[in-house]
Novice: 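Submitted below is the structure of interest, expressed as structure tokens.
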Amino acid sequence: MLKLTQWVVLTLSFALAGSTSLGQTPQLIEAAKKDGKVIIYGSLEGDTVDAIIQSFKKKTGIEAEYWRASATKVMDRAMSEFRAGKPIADAIIAADNVMRLMQKEGYFQKYDSPTNADYPKEVIDPNLGPRYRNVVVGIVYNKNGLKASEYPKSLDDLGKPMYKGKIVMPDPTQHTTTTQWLASLYKIMGKEKSEKFMRDLAANKPIWVESLLPSAERVASGETPVAITYVKYAYIHGKKGAPVDYVREPKLIGDASYIALAAKAPRVNAGKAFVDYFLDDESMNTMAKLGEFVNRKGVLPPLPGADKIGFVEMDDLSTKDFADKKKEYTQIFLR
Amino acid sequence: MSINEATLPAERVNTSAWRRSRLGAFLSQPVSWVFVIVSSIIAFLSLYPTFFLFYGSLTDAPLGVPGNFTLQNYVRAYSDPEAYSLMLNSFIFGIGSAGLSVIFALALAWITIRTDAPFRRLFELTAIIPNILPPMLVSISWVMLCNPSNGLINGVFVKLFGMEKGPFNIYSMTGLIYVEALILTPLAFLIIAAAMKSMDPSLEESAKTLGSNEFGVMRRITFPLLRPAILAAATLNFVRAVESFDTPAIIALPARIEVFTTKIWREALGSFPTNHNLAATYGVGILFIALIFVYLYRRFTSQVESFSTVTGKGFRPHQIELGPWRYAAAGVASLLLILLVVLPILVLALVAILPYYHVPTWQTWQNLTMSHFEYVWATPRVHKAFLNSLLLAFISATACMILASLASYITVRTKLAGRGIIEGLVFIPWAFPGTAMALGLLWAYVDFPIPVYATIWIILIAYITRFLPYGLRAVTSTIIQVHKELEEASIVCGAGFMATFRRILIPMMRPGVMAGWIILMTIFLREFSATLFLYSPGSEPLGPLLYFLYLDGMRGRVAAIGLVISVISVVLIAIAQRYSRWDTK
């Protein structure tokens with residue numbers, strides 16, 4: 001576990017240096033221009049990628065097209081095209097687990113971007129490159145939906161009967177990140193406590209939604225007072241005026257995301273140029289401003305208290321693990 | 001006689017000659033060529049992707065990868081007792097929402113077309129509006145209105161009557177049926193209204209002459225004559241409800257109600273590990289249920305002649321004078337339109353000017369914003385999506401209606417052997433949920449010799465394949481009512497098939513054709529379940545754009561785009577109505 005403040009202190013100079021250069025050779029850009037355009041598949045929010053694509057085009061003159069879907073569907077489509085011998089995407093942006101599964105199938109080629117040097121060594125995967133962001137799951141609540149004395153203080157609190165019918169979260173048998181989150185709770189709570197927490201949470205009959213975003217929206221709208229969701233939504237909805245806050249806990253579990261170059265990328269140089277730009281300072285700052293926990297040295301999200309969050313990475317689950325957990329959580333939460 | 005024939009036994013030569021003469025006679029008719037071409041196109045469009053879905057349900061590998069034959073997917077899907085409870089849920093949901101939508105549509109169509117209720121023209125135009133709203137927005141708006149904790153309508157009841165909590169809970173089977181019925185009503189309205197406009201008044205006049213009152217005429221003559229259109233609307237809406245995912249995703253999941261589509265999503269497509277084979281297997285289950293309804297529909301409408309009400313003697317339906325009751329009728333229509341149009345549009349408009357999605361408080365009014373509309377105005381991605389969607393909708397709807405008109409003529413009017421197959425073929429892809437169908441299409445066309453994969457054209461093929469039944473039903477319910485004597489008169493006067501089709505049938509079918517075209521245009525402008533899988537970078541239409549903005553929590557932008565789509569669609573509908581002279585003369 002690494003405190004985000006440590007990265008700030010250690011690497012401020014790197015961040016300043018990084019902002020002046022794209023870290024790309026003119027030869028690569030020239031070759032990329034000959035490719036004409038770059039096509040990216042990913043699960044990263046469209047607004048974020050749109051902003052990055054605009055500035056990428058401005059800097060390099062290369063067109064970029066983005067196909068957006070959930071991480072599961074990105075994998076489905078990319079792998080289907082790969083197996084059929086008709087690859088379309090040059091690069092993929094998705095969550096850790098999905099990227100590793102695709103990598104095992106040989107979907108990616110190794111590419112050491114010059115910008116890798118601006119990331120802490122701990123976050124660089126030998127095959128996939130830098131883990132460019134962490135998405136952290138925690139408790140977000142509506143300050144008007146509860147009395148101040150009722151604000152939850154920790155995850156344990158959500159097991160108390162006073163929160164019965166007041167919690168919204170994704171269906172853990174359907175939403176993969178929630179499955180992983182529950183399966184990884186032992187890392188911050190211990191095994192026995194995490195198992196008891198799950199039973200207590202189930203007894204409080206959480207309201208199921210499709211994913212972590214509608215969970216946050218129901219809290220922002222005041223429909224449900226407490227949500228299990230990404231803590232970044234406390235910043236995103238708070239900025240728009242929603243009376244929301246998040247529970248500051250010393251350790252929070254989260255997932256990681258990667259960008260990687262496709263092994264059969266039809267426009268390999270344009271793909272490399274985009275990966276370089278995506279991991280560079282400018283695009284990482286764009287993401288951080290939108291509340292993302294970016295791993296590039298010296299870049300922090302504007303969420304209050306973000307520097308004090310201890311990030312604990314979720315366990316990667318195998319296909320069998322997911323199937324087993326789905327059965328287990330069906331018994332605990334749905335029966 | 002050729003040398004080959006000379007060497008054959010006489011009986012075989014005769015049989016062969018007889019066959020050739022039959023084939024020659026068949027092919028000498030222009031209608032036969034039309035039949036061959038139309039049925040070939042429809043067979044290819046529906047069977048090719050459907051094959052991949054069936055194959056997927058019977059193999060142990062993902063579609064596109066060679067695998068082994070297995071029945072394990074069926075064992076897994078249907079040995080689970082939960083499968084039967086969710087089948088029952090889907091059935092209740094489908095029957096309930098289709099039934100309620102037909103009741104709403106029938107009431108609205110009767111008031112606007114057959115009575116002298118005031119403002120009926122306005123009611124008629126606005127009744128179509130909900131069809132152009134993305135269903136997910138209608139569901140969201142009703143969640144804002146009737147959720148048990150802070151729904152706006154519940155809030156009004158609590159304030160007015162001092163209740164502890166509001167009387168409505170949208171998170172229930174009743175809520176689910178109600179919202180889906182509202183979404184489906186415009187489709188039923190278009191089909192029933194088109195048939196109602198083409199009704200022969202002479203039967204009703206005869207009944208009146210024989211002493212029947214208005215209610216008796218309505219019960220004994222009007223509604224029985226409308227039976228094909230009512231059944232068509234109910235059948236379409238039942239299948240549409242059973243395959244719908246938007247409303248269950250927003251309402252059923254928090255209510256802990258499982259239906260077929262949410263099960264497919266949870267078990268096979270939405271969660272990891274994905275299982276296309278299992279999705280295809282559940283899809284086959286829905287297909288089976290849908291086909292039972294198609295069979296019932298075919299039985300109900302088998303006696304085509306008994307529904308022929310448009311004859312050469314003139315066919316403008318007469319208007320029923322309600323006297324003082326006309327205000328009550330207008331009141332009923334107004335209430336329906338408040339539920340169908342006013343409340344959802346008001347909520348949408350509200351969401352479009354809120355800085356974030358929430359139930360408004362006094363503080364809200366100080367923070368209203370136009371930024372979501374500015375986004376629509378200033379973003380090239382949005383402009384491109386509008387262009388892509390309009391192009392796709394126009395071409396697909398037109399192609400669909402041409403195919404549907406020809407297919408409908410062959411099915412209803414000719415005695416050609418095998419004509420029933422056309423309707424069966426059309427219904428196959430329609431009966432699959434959009435997502436499963438899209439998977440089939442994706443795989444069907446990924447290795448297709450003509451490079452349509454990853455282009456805008458694969459979406460066009462998908463739209464025509466999946467939504468042809470909507471066009472077919474709209475035309476069929478009208479063509480059934482057009483009596484053959486008009487065509488026969490045309491043929492007696494020396495006109496050929498094409499001339500009769502162009503001069504007699506097309507003008508007579510115009511209400512149905514235009515109704516179908518409008519339905520399809522509005523569906524295509526907001527379709528996303530199939531498009532989501534098929535669109536590629538650079539060809540993003542409005543459906544996926546709306547979906548991803550929704551996924552990213554940009555409900556204000558979604559509402560703003562939804563409102564712009566509504567305005568465009570209203571203009572299109574007005575133009576189409578004027579062009580078709582649907583309700584004039």
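The sequence lines fix the lettering, A, B, ..., with proteins before strands; numbering per chain opens at 1. As the structure is a prediction and not an experimental result, all values here were calculated from the model.
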Novice: For atom NZ of K264(A), is the number of surrounding heavy atoms from other residues, nucleotides or ligands below 6.0 Å larger than 12?
Specialist: yes
Novice: Answer yes or no: is there a side-chain heavy-atom contact under 4.5 Å between M144(B) and E223(A)?
Specialist: no
Novice: With a 4.5 angstrom heavy-atom cut-off, could you sort out which part of P243(A) is near chain B: side chain, backbone, both or neither?
Specialist: both
Novice: Among E217(A), H237(A), K239(A), which has the most heavy-atom pairs under 4.5 Å with chain B?
Specialist: E217(A)
Novice: Nearest heavy-atom pair of W67(A) and Y535(B): which atoms, and what distance?
Specialist: NE1-O, 3.0 Å
Novice: State, to 0.1 Å, how close F333(A) and R256(B) come at their nearest heavy-atom pair, and which atoms those are.
Specialist: O-NH1, 3.4 Å
Novice: What heavy-atom pair brings R381(B) and D50(A) nearest, and what distance separates the two atoms?
Specialist: NH1-OD2, 3.1 Å
Novice: At what distance, to the nearest 0.5 angstrom, does OG1 of T224(A) lie from CG of N147(B)?
Specialist: 8.0 Å
Novice: Take atom NZ of K384(B) as the centre, draw a 6.0 Å sphere, and report whether it contains more than 12 heavy atoms from other residues, nucleotides or ligands.
Specialist: no
Novice: Just wondering, do P254(B) and R218(A) contact through their side chains at under 4.5 Å, heavy atoms?
Specialist: yes
Novice: Let me know if Y171(B) has heavy atoms under 4.5 Å from chain A in its side chain, its backbone, both or neither.
Specialist: side chain
Novice: If you measure from CG on L213(A) to CZ on R555(B), what distance do you get to the nearest 0.5 Å?
Specialist: 7.5 Å
Novice: CD/E540(B) to CD/E65(A) distance, rounded to the nearest 0.5 angstrom?
Specialist: 11.0 Å
Novice: Of all heavy-atom pairs between L253(B) and V209(A), which one has the smallest distance, and what is that distance?
Specialist: CD2-C, 3.3 Å
Novice: Rounded to the nearest 0.5 Å, what separates atom CG in L545(B) from atom CZ in R68(A)?
Specialist: 11.5 Å
